[in-house]
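Input: a single structure, listed below in structure tokens.
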Amino acid sequence: MAKEKTEKGATEGGQVPKKKKGKLGLILIAGIGLVVVLGGAAAWFLLLSPSSTMSTPSTGSVETSSGTAPRQETVRYNPEMGPLFPLDTFVVNLQEKEGERYLKVSVKLEMDNDVLSRELTNRTPQLRDTIISLLSSKSYEEISSLSGKQVLKSEIKARINRLLNTGKIQRVYFTEFVVQ
């Protein structure tokens, strides 16, 4: 005689048939494992990567390691800061093929002497034009990384220093940097 199921799904022998585990559980476990692995990799890159090591001793030089290890740079800053010259906030459109993005950035310029402040005040329209032209020529990909921001600071410093007669800009500081 054939086995018949009762209302609750048990066979005549009183045993409930085992259900196969679905693929959903396996996918869930694999997804959690992937998140853990990616999280660990991200933490390693953020916390232990050579590019995240910055120190602030009193020299203004850049040191590089030698040998067969990958090239590592540690930027060393002079702890004494020169006088600062603030510029008004810049809001520019970025060069984007897909959609529109804009950049809002506030800049402060570190001067090598106090006399330079007067020249910067007189040349503010020139400075703003130079910086706006540079910023609006950039794409999001160029300025979104830390190294992209460092390159942008160097370019601003170089362009401004070409305009000046009574001193030089030592460093450029971004006090606000928003891309939307």
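- In the hydrophobic clustering of this structure, Y102 does not group with L134; members are Ile, Leu, Val, Met, Phe, Trp, Tyr whose side-chain heavy atoms approach within less than 4.5 Å, directly or through other members.
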Evaluate the side-chain contact (heavy atoms from CB on, under 4.5 Å) criterion for residues L120 and I169: first the C-alpha distance (whole Å), next the side-chain angles of each, then the deciding distance (0.1 Å), finally the verdict. CA-CA 10 Å; L120 290 173; I169 298 301; 4.1 Å; yes
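- At a threshold of 4.5 Å between side-chain heavy atoms, the hydrophobic network of Ile, Leu, Val, Met, Phe, Trp and Tyr places V151 and L103 in two separate groups.
- Heavy-atom minimum distance, Q126 versus L163: NE2-CD2, 4.2 Å.
- For the side-chain hydrogen bond (donor to acceptor under 3.5 Å, both in side chains) test, no residue two or more places apart in sequence or in another chain qualifies with R159.
- Note: the hydrophobic cluster containing V179 also contains L135 (ILVMFWY, side chain heavy atoms under 4.5 Å, direct or indirect links).
- The environment of R118 atom CZ is sparse: at most 12 non-hydrogen atoms of other residues, nucleotides or ligands sit within 6.0 angstrom.
- Residue-environment remark: NZ (K168) exceeds the threshold of 12 foreign heavy atoms within 6.0 Å.
- A search for salt bridge (charged side-chain N to carboxylate O under 4.0 Å, His left out) contacts involving K104 returns E176, not counting sequence neighbours.
- Legend: residues meeting side-chain hydrogen bond (donor to acceptor under 3.5 Å, both in side chains) with E155, ordered by chain and number and at least two apart, are K138.
- Hydrophobic cluster membership is shared by I132 and I143, with clusters built from Ile, Leu, Val, Met, Phe, Trp and Tyr side chains linked at under 4.5 angstrom.
- The structure places CG of L109 at 6.0 Å from CD1 of I131, a figure rounded to the nearest 0.5 Å.
- Using a distance-only test at 3.5 Å, with no hydrogens or angles considered, a donor-acceptor pair links the side chain of N113 to the main chain of T166.
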Check residues 84-94 and write down every donor-acceptor pair under 3.5 Å in which the side-chain atom is one partner and the other belongs to a residue at least two apart or another chain.
unit_1, atom_1, unit_2, atom_2, d
T89, OG1, S106, OG, 2.9

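- Closest heavy-atom contact between G167 and E119: N-OE1, 4.4 Å.
- Using a distance-only test at 3.5 Å, with no hydrogens or angles considered, no donor-acceptor pair links the side chain of E110 to the main chain of M81.
- Minimum interatomic distance between K157 and Q170 (heavy atoms only, all atoms of both residues): NZ-O, 3.2 Å.
- Contacts of S145 classified as side-chain hydrogen bond (donor to acceptor under 3.5 Å, both in side chains), with partners at least two apart in sequence or in another chain: S147.
- Residue pairs meeting the ring-ring contact (aromatic ring centres under 6.0 Å, His included) criterion with at least one partner in residues 145-180, sequence neighbours excluded, are F174-F177.
- A donor-acceptor distance shorter than 3.5 angstrom exists from the side chain of T124 to the backbone of T121, with no hydrogens or angles considered.
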With side-chain contact (heavy atoms from CB on, under 4.5 Å) as the test, would you mind laying out the steps for R123 and N165 before giving the verdict? CA-CA 11 Å; R123 292 185 178 265; N165 297 319; 3.3 Å; yes
